[in-house]
Number of protein chains: 2
Amino acid sequence: MDHISDSTVRRLSNYLRVLDEIASAGEDMVSSHGLAGRSGVTPAQVRKDLSYFGSFGRRGLGYSVAALKAEIRAILGLNKRWRVALVGAGNIGSALFAYKEFGRQGFDIVAVFDNAEDRVGQRLGDLTIEPISEFARLSQQRGVEIGVIATPPRHAQEIAERMIAAGLKGILNFAPRKLFVPDTVALRSVNMAIELESLSFALAHGEPARRAGRRFPLAE
Amino acid sequence: MDHISDSTVRRLSNYLRVLDEIASAGEDMVSSHGLAGRSGVTPAQVRKDLSYFGSFGRRGLGYSVAALKAEIRAILGLNKRWRVALVGAGNIGSALFAYKEFGRQGFDIVAVFDNAEDRVGQRLGDLTIEPISEFARLSQQRGVEIGVIATPPRHAQEIAERMIAAGLKGILNFAPRKLFVPDTVALRSVNMAIELESLSFALAHGEPARRAGRRFPLAE
DNA sequence: TGTTGTGAAGGCGTTCACAGCC
DNA sequence: GGCTGTGAACGCCTTCACAACA
């Protein structure tokens, strides 16, 4: 497999959720057109995205919903469960911990860290909040592969470096700050400040639209 | 001003946070190179992004940190405060409500809605959680401009339509589902499932790197 | 006829490279 | 000399359009 663009991967992730809906609706087959309509992209885009990984459809018929789901899950690496360490047990961290979607998608939080005196030692679900100093030891002991950063922005880079030192290979960052990591580590960021400010820009300039879609002309 | 790409707007939002840091460090002037290094982009990119909106720098000298901050804030529409309605007072919704960054960036949550029997009527900060049926009336009464969706995915599209019907012009969606809105409405989404699955893809394929950067070769 | 898979064309955003100015 | 602002070149992603096939 060649180089796959991030946009393609993100769309695959979307197709997967749409396929779940289609499966729940009892449909067995779906065409690129059907999948595209519900995903807000063009049919050609759907076919192109899938073509990077193989030929999963049948000409004249479309794609088997169940088979395509399985293919995409395999492509995305969702056939295993990932072990996650959460750093930061404040507002955002606690909400993430309680967020069921997390576990449902195959990500298990197996350790929680914080440095606030009044949080260390407390229970969160069936885990105990540990001090950051224990990060490397516990992460290695529990086989953590992915780190989630939910600390204030001023600590985010330092925590990322600690995660890298502990051998983690993926980081999901919720702190509103750009992080720098070596290219052996995968980094994704969820930055609410950027989304809000980009909304603000769109509203202030009264030109929010961007792409054509299905039920409505589509934005975002 | 022509059409501005979403990438440019998102980078501007980043420059703003970096400029805050630089200002805190007591620097008065910054070059495109300096700003680029701390933002994880190229100097040419910084200059190009800014050039869409005007000529803010001085050749040979760079940009005034304070002036550039003010320019970018104006460009992003951050010189006013935005009135926000939050729908969904569960895990994510409550965390968003308590998230200080929200108010700090100029976004005030002025109404909270939920449909769960045990939540309606409860207090959240100095607001009372209202039933969804009151959405249009209260939003109009309180001058809401932006809606935040923090409900389970199956209700997200319906809530979006209710927001549009009530005249809101911007929506920030936290539900892991693609929404369809008319192109008169600005939509941004924060989708954790996509980020996690794209991390999973990167780890499963062992090719996480994407762009060259500063302190480390940069990912994301 | 209906739909996929894909090379080629097109469009858009990033990078280059240099003229213009301090 | 140093740095910005910007047209032009480049490269990547999306869209087109059609051959292949059920």
Side-chain angles (χ1 to χ4, degrees), chain A residues 1-12 14-15 19 22 27-65 67-68 71-72 75 198 207 209-214 218 220, chain B residues 1-12 14-15 19 22 27-65 67-68 71-72 75 198 207 209-214 218 220:
Chain A
M1 182 203 328
D2 267 37
H3 178 73
I4 302 298
S5 80
D6 197 44
S7 336
T8 290
V9 175
R10 300 168 75 85
R11 280 192 300 268
L12 288 175
N14 247 305
Y15 300 155
L19 286 168
I22 295 176
E27 306 286 332
D28 279 356
M29 299 293 290
V30 65
S31 66
S32 61
H33 187 86
L35 189 46
R38 292 166 182 266
S39 306
V41 303
T42 63
Q45 184 75 79
V46 168
R47 297 199 299 275
K48 189 59 119 181
D49 286 337
L50 296 175
S51 78
Y52 295 130
F53 302 95
S55 298
F56 308 126
R58 279 202 269 173
R59 296 170 200 244
L61 297 173
Y63 303 85
S64 148
V65 173
L68 190 55
E71 293 287 359
I72 295 180
I75 290 166
S198 120
E207 194 207 2
R210 273 178 282 158
R211 287 203 290 272
R214 190 185 61 99
L218 177 69
E220 196 271 5
Chain B
M1 179 205 329
D2 265 38
H3 178 73
I4 303 297
S5 80
D6 196 46
S7 336
T8 290
V9 176
R10 300 168 75 85
R11 280 191 300 267
L12 287 175
N14 245 306
Y15 300 155
L19 286 168
I22 296 176
E27 306 286 332
D28 279 354
M29 300 294 290
V30 66
S31 66
S32 60
H33 187 85
L35 190 45
R38 291 167 183 266
S39 305
V41 304
T42 65
Q45 183 75 78
V46 169
R47 297 199 299 275
K48 188 60 121 183
D49 285 337
L50 295 174
S51 78
Y52 296 130
F53 302 94
S55 296
F56 308 126
R58 279 202 270 174
R59 296 169 201 246
L61 296 174
Y63 304 85
S64 147
V65 174
L68 190 54
E71 292 287 358
I72 295 180
I75 291 166
S198 120
E207 194 207 2
R210 273 177 283 159
R211 289 202 289 273
R214 190 186 61 99
L218 176 70
E220 195 275 0

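What's counted below: heavy atoms across the whole structure, side chains too, no hydrogens, waters or symmetry copies.
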Enquirer: Which distance, rounded to the nearest 0.5 Å, do you find between the CD1 of I72(A) and the CG of L50(A)?
Expert: 5.5 Å

Enquirer: CG of D49(A) versus C1' of dC12(D): gap in Å, rounded?
Expert: 14 Å

Enquirer: Please give, in whole Å, the distance from dT14(D) P to I4(A) CD1?
Expert: 12 Å

Enquirer: Round to the nearest Å and state the distance from K48(A) atom NZ to dA17(D) atom C1'.
Expert: 12 Å

Enquirer: Of the listed nucleotides (dT14(D), dT4(C), dT4(D)), which one gets closest to any side-chain atom of R11(A)?
Expert: dT14(D)

Enquirer: Which whole-number value in Å describes the distance from L12(B) CG to dT14(C) C1'?
Expert: 15 Å

Enquirer: Can you measure F53(A) atom CZ to dT4(C) atom P for me and round it to whole angstrom units?
Expert: 18 Å

Enquirer: May I ask you to verify if any side-chain N or O of T42(A) is less than 4.0 angstrom from the OP1 or OP2 atom of dT15(D)?
Expert: yes

Enquirer: Go nucleotide by nucleotide along DNA chain D from the 5' end; which of G62(B) and S5(A) gets its closest nucleotide reached first?
Expert: G62(B)

Enquirer: Rounded to whole angstroms, how far apart are CZ on R10(A) and P on dT14(D)?
Expert: 12 Å

Enquirer: Is the shortest heavy-atom distance from the side chain of I75(A) to the side chain of F56(A) under 4.5 Å?
Expert: yes

Enquirer: Between G60(A) and A44(A), which residue's closest nucleotide on DNA chain C lies nearer the 5′ terminus?
Expert: G60(A)

Enquirer: According to a strict under-4.0 Å criterion, is Q45(B) in side-chain N/O contact with OP1 or OP2 of dT15(C)?
Expert: yes

Enquirer: Might you point out which heavy atoms bring L35(B) and V30(B) nearest each other, and give the distance in Å?
Expert: N-CG2, 3.7 Å

Enquirer: By the definition side-chain contact (heavy atoms from CB on, under 4.5 Å), identify the one residue from M29(B), R47(B), E71(B) that meets it with Y63(B).
Expert: R47(B)

Enquirer: Is any side-chain nitrogen or oxygen of S32(A) closer than 4.0 Å to OP1 or OP2 of dT3(C)?
Expert: no

Enquirer: Mind checking if Y52(A) touches a base, just sugar-phosphate, or nothing, with heavy atoms under 4.0 Å?
Expert: base

Enquirer: Nearest to the side chain of R47(B), heavy atoms from C-beta on, is which of dT3(C), dA8(C), dC18(C)?
Expert: dC18(C)

Enquirer: Does the side chain of S7(B) get closer than 4.0 angstrom to OP1 or OP2 of dT14(C) through an N or O atom?
Expert: yes

Enquirer: Counting side-chain heavy atoms from CB outward, which of dT6(C), dT6(D), dA22(D) is closest to S51(A)?
Expert: dT6(C)

Enquirer: Using whole Å, what does the distance between atom P of nucleotide dG5(C) and atom CG of L61(A) come to?
Expert: 11 Å

Enquirer: Between atom OG1 of T8(B) and atom NE2 of H3(B), what is the distance when rounded to the nearest 0.5 Å?
Expert: 9.0 Å

Enquirer: Any idea which of dT14(D), dC18(D), dC22(C) is nearest the R59(B) side chain?
Expert: dC22(C)

Enquirer: Hey, is the side chain of Y63(B) poking within less than 4.0 Å of OP1 or OP2 on dG5(D), counting only N and O atoms?
Expert: yes

Enquirer: Starting from C1' on dT14(D), measure out to CG on L50(A) and report it in whole angstrom.
Expert: 15 Å

